[in-house]
Every structure is written in C-alpha cells, then in structure tokens.
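Here's the structure, in structure tokens; my notes come after.
Indexing begins at 1, ligand by ligand and atom by atom, following the structure's order. Here the structure is a predicted model, which means the values were calculated and not measured.
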Amino acid sequence: MQIPFNKPYLTGKEQKYLEDALQRRELSGDGYYTERVTSLLERKFSLDKVMMTTSCTHALEIAVELIELKEGDEVIMPSFTFPSTANAVIKQGAKPVFAEIKKDTLNIDPADLEKKISKKTRAVIPVHYAGIACEMDEIAYLAEKYRLYIIEDAAQGVNARYKDKYLGGIGDLGCYSFHASKNYVSGEGGALVINNNNSYFKKRAEVIREKGTDRSRFLREEVDRYTWIDQGSSYSPAELLMAVLYAQLEEMDQIKNMRRKIYEKYYNYLKPFLKTPFLDSMSYIPENRDSNFHIFYLKFSNKEVRDLVITSLQNRGISAAFHYIPLHSSPMGQKLGYQTYDLALTTEVAATIMRLPLYPELTDQELRYILENTADVLGSCKYGR
Ligand SMILES: *Cc1c(COP(=O)(O)O)cnc(C)c1O
C-alpha cells in the first residue's frame with residue numbers, strides 16, 4: 001500500500017463552477033465567484049470584512065502594510081511556523097522576534113511573548129498551529145496592555161474556533177490560506193480579514209490589493225473611472241480559483257467532519273501509547289476550542305526514535321512527515337543573526353514531531369493500515385533500542 005501524506009479533496013462541484021466561470025467570461029479578479037466566497041466567509045464566520053487574496057503570504061503582506069510597520073519596529077511571532085509569517089515583517093524592514101511555544105498546543109506561549117515585548121514592539125502574530133487556537137484571551141490582554149496590533153496567521157485555522165469566535169476574526173487582522181496543502185483549497189489562494197473597525201484599514205486594504213488604484217470603488221460604481229492613488233500590488237485572485245474555492249467552502253463543514261473522524265480514530269487508537277517511554281505527547285485540543293483537524297501529530301521522546309519511526313513507516317509505504325525547521329535556526333534565521341541554541345522547546349519539538357496523513361479521502365482500510373503499522377513500529381521501538 002502507498003499512502004501519500006496529503007491529497008487535496010475535491011467535492012465534485014469544482015468542475016461545474018469552473019465551466020460556469022469560463023462561460024461568464026469574467027476571468028480576472030472580483031467577479032461573481034469572488035463575491036460568492038467573500039460573502040460566504042463573512043456570513044459563516046460572522047466577519048465584518050473579508051478580502052480574497054492570491055495567498056496567505058500576500059494577506060500577511062497587506063496586513064503589515066496596513067499597520068504601517070517600518071524599519072526599527074519589532075513583531076513577535078513563534079519560530080515554529082512557516083517562513084511567510086516572518087517574510088512579511090522583513091519585507092517592511094522590521095524585525096521578527098521569536099517567542100517560545102507551549103507544550104500542549106505548540107502555539108505561542110503568552111508568558112514568553114510578554115518577556116519579548118520591548119519599546120519597539122508594534123504587533124504580535126499568533127499562528128494557530130494545526131488548526132487549534134492560540135491562547136487568544138491572554139494574547140489580547142497583553143496586546144491591550146502594551147498597545148500592540150494582533151495579526152492572526154490563521155493559514156491553518158479556517159473554520160476552527162476559540163470559544164465562540166472563528167479564528168481569523170479575533171485579532172485586528174486575520175489571514176487565511178487556501179493553498180492545496182490546507183483544508184479548503186483553490187490551489188493557491190488566501191484571504192485577509194479586517195476586524196479592527198478602523199475604516200481606514202478597509203479603504204487602504206482595497207487600494208493596496210488593487211495595484212494601488214481605486215478599482216474597488218469603480219466596481220461599486222462609486223467613481224466613474226479608476227486611477228492610481230497609493231502604493232499597491234496585485235493581490236486579487238482570478239475568478240477560476242474562486243470558482244474552485246466556492247465548491248470547497250459550500251461543503252466546509254462536511255469536509256471538517258470527515259477530517260474529524262480520522263483525527264479521532266488516530267487519537268483514540270494511539271492514546272494508550274502515551275504510557276510507553278518513546279511517545280511524549282500528541283495532538284491535543286483544549287476544552288474551549290474547536291479544531292478544523294488540519295494536522296494530527298505525534299511527539300516522540302527523542303529525535304532518533306522520531307527519525308526511525310518516519311523511516312520505518314516510509315518503508316511500509318506510509319508518508320509520515322516531520323514539520324518546520326524553526327525559523328530562528330534556518331539558514332535565513334542564521335543570516336539574520338539568530339542563535340540556534342535559543343528557544344529550547346521549539347528546537348526540541350521540531351526534532352521530535354511527526355505528522356500522519358490526514359485527509360477526507362483516506363479510506364478505512366488505509367487508516368487501519370496506518371494505525372496498525374504505527375502501533376507495530378512504536379512497539380518495536382520498545383525493544384529495538
Ligand atoms: C500555509 C501557511 C502559510 C502560507 O500560506 P500560502 O497561502 O501558501 O501563502 C503561512 N503561514 C502558515 C502558518 C501556513 O501554514
């Protein structure tokens with residue numbers, strides 16, 4: 001059996017909507033399907049303002065431009081994240097400051113976040129790893145106390161909640177990803193969520209997104225032509241991509257439930273192994289949070305065991321995967337002068353974590369194969385080493 005790590009799920013409606021989008025001959029951005037996905041997201045998640053973008057990376061770039069991040073400013077984020085979180089900050093000439101993560105959720109640790117705040121800190125970017133919310137109450141308290149903006153990197157957090165609020169809708173700004181590796185996909189794609197009721201953010205964001213022009217106002221027939229009014233870039237996704245995404249978002253709860261079932265089977269089957277010496281911890285959803293089941297991970301007691309399990313599973317046709325090389329110890333992090341010995345827990349987690357395949361099309365038979373083989377490999381660790 002060969003089981004890939006991920007398979008983007010298709011609902012079956014994508015083709016129909018694609019053909020419809022082609023027929024409409026509105027191929028550039030901000031047409032019928034962009035409008036459909038935007039209002040669906042706003043309605044479903046009770047969001048004030050959503051702007052579809054070409055990626056989450058680009059949504060993050062708009063977000064830091066909106067808060068006018070500049071040279072000398074600092075932004076606190078976890079090191080255990082994807083490079084885009086830090087790239088956006090560097091692009092503005094500002095400095096990413098890396099905070100430690102928490103052991104239970106692998107999300108930014110509010111206690112370390114507070115320690116990293118300086119006079120130069122302008123914002124914090126909590127990353128909702130694996131589709132499980134950060135400690136948003138504590139982060140909001142600190143943001144208020146030190147007057148920081150909160151930009152949620154909710155790339156993995158679409159359709160997950162913290163208490164009664166959907167992720168991306170809690171901070172001043174939120175960023176979503178619809179990349180093929182995420183739960184709901186358009187191939188490449190994202191969205192910026194504006195929660196801060198500063199109307200300047202909304203006005204400026206639509207200009208930045210439309211190449212520095214007031215084309216959005218033109219499309220709303222508020223002006224009779226559009227022109228260059230500010231700095232901007234090309235961040236609005238093509239209609240074809242939004243047609244694919246619409247098919248996905250229409251079924252977002254069904255997709256979430258299919259993922260939930262797999263997640264729960266992993267969790268229940270593998271939980272007893274937490275009593276064994278080599279398995280340290282695994283995916284965990286705190287009480288007041290609802291996940292979208294983006295990732296299921298196991299964390300081992302050391303790197304040797306982790307690497308051995310990954311290799312053994314790969315030899316049996318199962319693509320298990322490690323995750324981030326922490327940004328502070330990556331080649332770029334080194335170039336920027338960060339020290340590899342910083343952030344002990346982040347470093348340890350990166351060396352000992354393993355993700356199992358998790359996607360709606362995983363069959364019961366494949367799932368059983370993964371579970372039995374994982375259990376078998378874990379069992380052999382006990383005696384083998
Ligand atoms: C996937 C991801 C991104 C980047 O998303 P794109 O849409 O591919 O630009 C950013 N941050 C995190 C945490 C991610 O997982």
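- Taking the six-membered ring where tryptophan is involved, the planes of Y129 and Y297 are tilted, since the angle between them lies from 30° to 60°.
- Considering backbone and side-chain N/O atoms, C56 comes within less than 3.5 Å of an N/O atom of ligand 1.
- The closest approach between any non-hydrogen atom of F80 and ligand 1 is not below 4.0 Å.
- Contacts between S55 and ligand 1 below 4.0 angstrom, taking non-hydrogen atoms only, involve backbone and side chain alike.
- Taking the six-membered ring for Trp and thresholds of 30 and 60 degrees, H323 and F80 have ring planes more than 60 degrees apart, a perpendicular arrangement.
- Between the side chain of Y146 and the backbone N or O of R122 there is no donor-acceptor pair closer than 3.5 Å.
- Residue contacts with ligand 1 do not include P83, since none of its heavy atoms lies under 4.0 Å from the ligand.
- Contact atoms of ligand 1 toward A155: 2 (C), 3 (C), 10 (C), 11 (N), 12 (C), 14 (C), 15 (O) (distance under 4.0 Å to a heavy atom of the residue).
- Atom numbering of ligand 1 starts at 1 in the shown order; those under 4.0 Å from a heavy atom of Y324 are 13 (C), 15 (O).
- Among the atoms of T57, some N or O lies under 3.5 angstrom from an N or O of ligand 1.
- Between K182 and ligand 1 there is a heavy-atom distance shorter than 4.0 Å.
- Residue T81 approaches ligand 1 through these ligand atoms, each under 4.0 Å from one of its heavy atoms: 13 (C).
- Checked by distance only, ligand 1 and S84 stay at 3.5 Å or farther apart across all their nitrogen or oxygen atoms.
- Listed by number with element, the atoms of ligand 1 under 4.0 Å from a non-hydrogen atom of G189 are 7 (O).
- Y149 and F201 have tilted rings, their planes meeting at an angle from 30° to 60° on a 0 to 90° scale.
- Of all atoms in ligand 1, listed by their number and element, those nearer than 4.0 Å to a heavy atom of V127 are 13 (C).
- Only the side chain of D153 comes within 4.0 Å of ligand 1, counting heavy atoms alone; its backbone N, CA, C and O stay farther away.
- Here salt bridge (charged side-chain N to carboxylate O under 4.0 Å, His left out) pairs that include residues 182-203, with residues two or more places apart or in two chains, are D48-K202.
- The side-chain tip of R24 points at the ring of Y32 from less than 6.0 angstrom away and within 45° of straight on.
- Side-chain contact between E206 and M51 is present, with heavy atoms from C-beta onward closer than 4.5 Å.
- Residue Q156 has at least one nitrogen or oxygen atom sitting less than 3.5 Å from a nitrogen or oxygen atom of ligand 1, judged on distance alone.
- In the vicinity of H179, heavy-atom distances shorter than 4.0 Å reach the ligand 1 atoms 8 (O).
- Atoms CG and CZ, on D30 and R209 in that order, are 4.0 Å from each other to the nearest 0.5 Å.
- Of the polar atoms of S177, at least one N or O is found under 3.5 Å from an N or O of ligand 1, judged by distance alone.
- The environment of I325 atom CD1 is sparse: at most 12 non-hydrogen atoms of other residues, nucleotides or ligands sit within 6.0 angstrom.
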